[in-house]
Engineer: 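Dropping a structure here in structure tokens format, bear with me for questions.
Every chain is numbered from 1 and lettered A, B, ... according to where its sequence line falls, protein lines coming before strand lines. The basis for the numbers below is simple: all heavy atoms, side chains too, and nothing from hydrogens, waters or symmetry mates.
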There are 2 protein chains.
Amino acid sequence: MRRDIFQAIADPTRRSIIALIAIRAMTPNAIAANFDTTRQAISKHLRILTECELVRQEQQGREIFYSLEIERLKEIDIWIDQYRQLWEKRFNQLDHVLSTIKQQKNEE
Amino acid sequence: MRRDIFQAIADPTRRSIIALIAIRAMTPNAIAANFDTTRQAISKHLRILTECELVRQEQQGREIFYSLEIERLKEIDIWIDQYRQLWEKRFNQLDHVLSTIKQQKNEE
DNA sequence: TATAAACGCAACTATTCGGTTTCGCAAATA
DNA sequence: TATTTGCGAAACCGAATAGTTGCGTTTATA
């Protein structure tokens, strides 16, 4: 079963879980309280997030606290960056066009 | 059928298609030539990418050229940005700790 | 010590997904 | 005009997915 960070963030519930535990570590029960689903379903999502190391767990008595491994999200950032360069380049070209028009206007 | 940009980029083949047509518009056949799969399968991926407006098509005779709607990727960028702020904050805190240690060292 | 709480795991189910094959249509070409 | 080419749509299939229910285990509590 191939786990992929892109696949991990594809599910809206998992993105919500990420948002929740980004603030502070939470237990499965506490997380599940925010959703209209069972704790077991949340546990499954947490397992997927753990498998691709987006989440780390810390046992504390009978509770397990899950927190976000934020560094892993950089992988997404690196992917998007190549396209960010493209759209910024395009924006700069437009910017150049606009300033050229402005210049021509001033020279009239 | 709920189409979502996060779901669209979850598939590795679709990410490859995005990378291909980011450079220049391409036809389904030309795209499919880069993969070990049928044109029809690529067409399905293109339909999904089109449905969430990540891709636009331009008919030219009997050919259809697909190109990337790069602005749509900003949605991913906006999502990742909130976490980027978190990890940069964390990095700055670490940076602060390091410079404090350095300072204490100098004061010895 | 008996009970309750917190959790992971396994079995099961309905749905979605990625792929193929087959088809029909429109445009280019022989 | 007959044939080839480029394409999307539909039917179908196996695998993966997201969810449920029902366990068993460990830890806390009455």
Side-chain angles (χ1 to χ4, degrees), chain A residues 1-21 23-69 72 76 79, chain B residues 1-21 23-69 76:
Chain A
M1 203 184 310
R2 193 84 221 97
R3 285 298 171 210
D4 182 285
I5 195 170
F6 287 92
Q7 198 198 338
I9 65 162
D11 185 83
T13 304
R14 283 197 288 270
R15 286 201 301 282
S16 296
I17 292 176
I18 288 173
L20 275 172
I21 65 174
I23 318 294
R24 67 198 174 294
M26 289 175 79
T27 64
N29 265 327
I31 295 168
N34 295 276
F35 299 93
D36 191 25
T37 182
T38 59
R39 174 189 57 79
Q40 282 86 342
I42 298 298
S43 264
K44 271 197 168 185
H45 284 303
L46 286 170
R47 194 163 67 87
I48 290 168
L49 291 169
T50 306
E51 273 175 14
C52 62
E53 296 173 306
L54 247 170
V55 149
R56 72 175 153 265
Q57 36 187 313
E58 195 190 340
Q59 186 104 23
Q60 211 162 323
R62 66 180 164 184
E63 290 178 321
I64 300 177
F65 285 85
Y66 288 86
S67 58
L68 185 61
E69 196 75 68
R72 286 288 286 134
I76 306 287
W79 181 78
Chain B
M1 204 184 311
R2 193 82 221 100
R3 284 299 170 209
D4 181 287
I5 195 171
F6 287 92
Q7 201 198 334
I9 65 161
D11 185 84
T13 303
R14 283 198 288 271
R15 286 201 301 281
S16 296
I17 292 177
I18 288 173
L20 275 172
I21 63 174
I23 318 295
R24 68 198 175 293
M26 289 176 79
T27 65
N29 265 326
I31 295 169
N34 295 275
F35 299 94
D36 190 22
T37 182
T38 59
R39 174 190 57 80
Q40 282 86 342
I42 298 298
S43 264
K44 272 195 167 189
H45 285 303
L46 286 170
R47 193 162 69 87
I48 289 168
L49 291 170
T50 306
E51 272 174 16
C52 62
E53 295 173 304
L54 248 169
V55 149
R56 71 175 155 267
Q57 37 185 312
E58 196 189 339
Q59 185 103 25
Q60 211 162 320
R62 67 182 163 183
E63 290 178 321
I64 301 178
F65 286 85
Y66 288 85
S67 58
L68 185 61
E69 196 74 71
I76 306 287

Engineer: Pro28(B) has a side chain; which of dT20(D), dC7(D), dG19(C) sits nearest to it?
Structural biologist: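 Selected nucleotide: dC7(D).
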Engineer: Just how far, in rounded Å, is P of dG18(C) from CG of Leu46(B)?
Structural biologist: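 Between P of dG18(C) and CG of Leu46(B): 13 Å.
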Engineer: Could you tell me the separation between the CZ atom of Arg47(A) and the C1' atom of dC9(C), rounded to a whole number of Å?
Structural biologist: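 Going from CZ in Arg47(A) over to C1' in dC9(C) covers 8 Å.
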Engineer: Who pairs with Phe6(A) by ring-ring contact (aromatic ring centres under 6.0 Å, His included), at least two apart in sequence or on another chain?
Structural biologist: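 With neighbours one apart ignored, the set is Trp79(A).
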Engineer: Can you identify which nucleotide, out of dG18(C), dT17(D), dC7(C), has its nearest atom closest to the Arg3(A) side chain?
Structural biologist: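 Side chain of Arg3(A) sits closest to dT17(D).
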Engineer: Nearest whole Å is fine: how far is dT17(D) P from Ile48(A) CD1?
Structural biologist: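 About 7 Å, once rounded to whole Å.
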Engineer: Take Glu63(A) and Ile64(B), find for each the nucleotide of DNA chain D with the closest heavy atom, and name the residue whose nucleotide sits nearer the 5' end.
Structural biologist: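 It is Ile64(B), whose closest nucleotide lies nearer the 5' terminus.
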Engineer: Is there a side-chain polar atom (N or O) of Asn29(A) under 4.0 Å from OP1 or OP2 of dA5(C)?
Structural biologist: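 Answer is no, no contact under 4.0 Å.
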Engineer: Once you round to the nearest 0.5 Å, how far does CG of Leu46(B) lie from CD of Gln40(B)?
Structural biologist: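 Interatomic distance, Leu46(B) CG to Gln40(B) CD, rounded to 0.5 Å: 12.0 Å.
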Engineer: Side-chain N or O of Thr38(B) versus OP1/OP2 of dT20(C): is the shortest distance under 4.0 Å?
Structural biologist: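 Thr38(B) to dT20(C) OP1/OP2: side-chain N or O found under 4.0 Å.
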Engineer: Determine whether any donor atom in the side chain of Lys44(B) lies under 3.5 Å from an acceptor atom in the base of dG8(D), or the reverse, and answer yes or no.
Structural biologist: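 Counting by modelled atom types and ignoring angles, no donor-acceptor contact under 3.5 Å is found here.
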Engineer: Just to confirm, is there a sub-4.0 Å distance from OP1 or OP2 of dA9(D) to any side-chain nitrogen or oxygen of Ser43(B)?
Structural biologist: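 No.
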Engineer: I want to check something: taking the side chain as every heavy atom from C-beta on, are Thr27(A) and Ile64(A) in contact at a cut-off of under 4.5 Å?
Structural biologist: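 No. Closest side-chain heavy atoms not under 4.5 Å.
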Engineer: Would one find more than 12 heavy atoms of other residues, nucleotides or ligands at under 6.0 Å from atom CD of Gln59(A)?
Structural biologist: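 Yes.
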Engineer: How close or far is atom C1' of dG8(C) from atom CG of Leu49(A), stated in whole angstroms?
Structural biologist: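 Result: 16 Å.
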Engineer: Any donor-acceptor pair under 3.5 Å joining the side chain of Arg62(B) to the base of dA26(C)?
Structural biologist: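 There is none.
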Engineer: What closest approach, in Å, do Arg14(A) and Gln7(A) show between heavy atoms, and which atom pair accounts for it?
Structural biologist: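 Arg14(A) and Gln7(A) have their closest heavy atoms at NH2-O, 3.3 Å.
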Engineer: With a cut-off of less than 4.0 Å, is there a side-chain N or O of Thr37(B) near OP1 or OP2 of dG18(C)?
Structural biologist: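 Result: no.
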Engineer: Taking atom types as they are modelled, would you say the side chain of Arg14(B) forms a donor-acceptor pair with the base of dG18(C) within the 3.5 Å cutoff?
Structural biologist: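 Per atom types, no contact qualifies.
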Engineer: Nearest-Å distance, CZ (Phe65(A)) to C1' (dA6(C))?
Structural biologist: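 Going from Phe65(A) (CZ) to dA6(C) (C1'), I get 11 Å.
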Engineer: Between Gln60(A) and Arg39(B), just flag the one whose closest nucleotide in DNA chain D comes earlier from the 5' side.
Structural biologist: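 In this pair, the answer is Arg39(B).
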Engineer: Rounded to whole Å, how long is the line connecting atom CG of Asp4(B) with atom P of dA18(D)?
Structural biologist: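 Taking atom P of dA18(D) as the reference, CG of Asp4(B) is at 12 Å.
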Engineer: Whole angstroms only, please: what is the CD-C1' distance between Gln40(B) and dC7(D)?
Structural biologist: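 Interatomic distance, CD of Gln40(B) to C1' of dC7(D): 9 Å.
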Engineer: Given atom CD of Gln7(A) and atom P of dA18(D), what is their separation to the nearest angstrom?
Structural biologist: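 Roughly 7 Å, once rounded to whole Å.
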Engineer: Does His45(A) place a side-chain N or O at less than 4.0 Å from the phosphate oxygens OP1/OP2 of dG19(D)?
Structural biologist: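 Yes, because at least one side-chain N or O of His45(A) sits under 4.0 Å from OP1 or OP2 of dG19(D).
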